Amino acid sequence: MKTPRELKVKPIKNGTVIDHIKANKALSVLKILGLPNEATAVTIAMNVQSSLMGSKDIVKIEGRELAPREVDKIALIAPKATINIIRDYEIVGKGKVQLRDEINGILNCLNPNCITNTGEPVETKFYVIVKEPVILRCYYCERIMDADEIESQL
Ligand SMILES: Nc1ncnc2c1ncn2[C@@H]1O[C@H](COP(=O)(O)OP(=O)(O)OP(=O)(O)O)[C@@H](O)[C@H]1O
Ligand SMILES: [Mg+2]
Ligand SMILES: [Zn+2]
């Protein structure tokens, strides 16, 4: 039986479409972006079919572009996400989030005795030891941080 090619998101005029979000992570992505708020139109698709990923989430946000720090946070929970910038209904920019080898200054170490938690002026620094789901190790105290601990901080 033939199935129609669905349009999974309705067009937006200006804003951002975050595609290829790991299934069920759309709400975590919104939380990172401080959404929903009263002023921003947001459309969410969750657990939709993807030839690339099996299933995925999509978030489209009217009238909003993303800051680099927000993109870095999204990479921690949705490492395959693509960011499409829409202007006047056209895609004018397409990028991928990128999970770096080191995560600096975004997360707190959960070891209370870590030098980053004792009042020293030391920025946090973690090495990525597993990429998906992401697992980090603190550069200073070697405490391991798992994906749930990471997500709860974003
Ligand atoms: N004006 C728009 N408003 C809302 N969503 C849009 C708009 N233009 C494109 N999109 C969405 O942005 C995403 C990327 O669009 P594109 O046409 O590049 O799809 P694609 O060819 O499947 O790209 P990719 O290889 O990144 O999957 C899709 O989810 C598409 O539905
Ligand atoms: Mg596609
Ligand atoms: Zn530490």
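Count residues from 1 along the sequence. Quantities reported herein were computed from a predicted structural model and do not represent experimental measurements. Counting starts at 1 for both ligands and their atoms, in listed order.
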Discussion item. For the aromatic rings, using the six-membered ring if either is Trp, is the centroid distance between Phe126 and Tyr139 under 6.0 Å?
Written reply: no
Worksheet item: What do we get for Ile12 next to ligand 1 when only non-hydrogen atoms under 4.0 Å count, side chain, backbone, both or neither?
Response: both
Worksheet entry | Donor-acceptor contact present, side-chain Glu132 to main-chain Pro79, <3.5 Å | no
Discussion item. Need the ligand 1 atom indices (1-based, order shown) with element for anything under 4.0 Å from a heavy-atom of Val17.
Written reply: 4 (C), 5 (N), 6 (C), 11 (C), 12 (O)
Worksheet item: Would you say the side chains of Asn84 and Lys94 form a donor-acceptor pair under 3.5 Å?
Response: yes
Worksheet item: Do the charged groups of Glu90 and Lys13 touch, with an N to O distance under 4.0 Å?
Response: no
Worksheet item: Can you tell which part of Lys13 has a heavy atom less than 4.0 Å from ligand 1: side chain, backbone, both or neither?
Response: neither
Fill in: Under 3.5 Å: donor-acceptor pair, side chain of Thr16, backbone of Arg64
yes
Worksheet item: Taking heavy atoms and a distance under 4.0 Å, where does His20 meet ligand 1: side chain, backbone, both or neither?
Response: side chain
Worksheet item: Distance from Ile144 atom CD1 to Leu110 atom CG, nearest 0.5 Å?
Response: 12.0 Å
Discussion item. Out of Val92, Ile91, Val48, who is nearest to atom 15 (O) of ligand 1 when you count heavy atoms only?
Written reply: Ile91
Worksheet entry | Side-chain ion pair, Asp57 and Lys22, N-O less than 4.0 Å | no
Item to complete: If you have a sec, read the angle at the Zn ion (ligand 3) from Cys109 atom SG over to Cys114 atom SG, to 10 degrees.
Response: 110°
Item to complete: Identify, by atom number and element, the atoms of ligand 1 in contact range of Lys94, meaning under 4.0 Å from any of its heavy atoms.
Response: 14 (C), 16 (P), 18 (O), 23 (O), 24 (P), 26 (O)
Item to complete: Say whether Tyr89, considering both its backbone and side-chain N or O atoms, lies within less than 3.5 Å of an N or O atom on ligand 1.
Response: yes
Worksheet item: Is it the side chain, the backbone, both or neither of Leu52 that has a heavy atom closer than 4.0 Å to ligand 1?
Response: neither
Worksheet item: Is a salt bridge present between Glu65 and Arg87, judged by a nitrogen-to-oxygen distance below 4.0 Å?
Response: yes
Discussion item. Within rounding of 10°, what is the angle whose vertex is the Zn ion (ligand 3) and whose arms end at SG of Cys138 and SG of Cys141?
Written reply: 110°
Practice prompt. Could you tell me whether Asp19 and ligand 1 have an N or O pair separated by under 3.5 Å?
Written response: yes
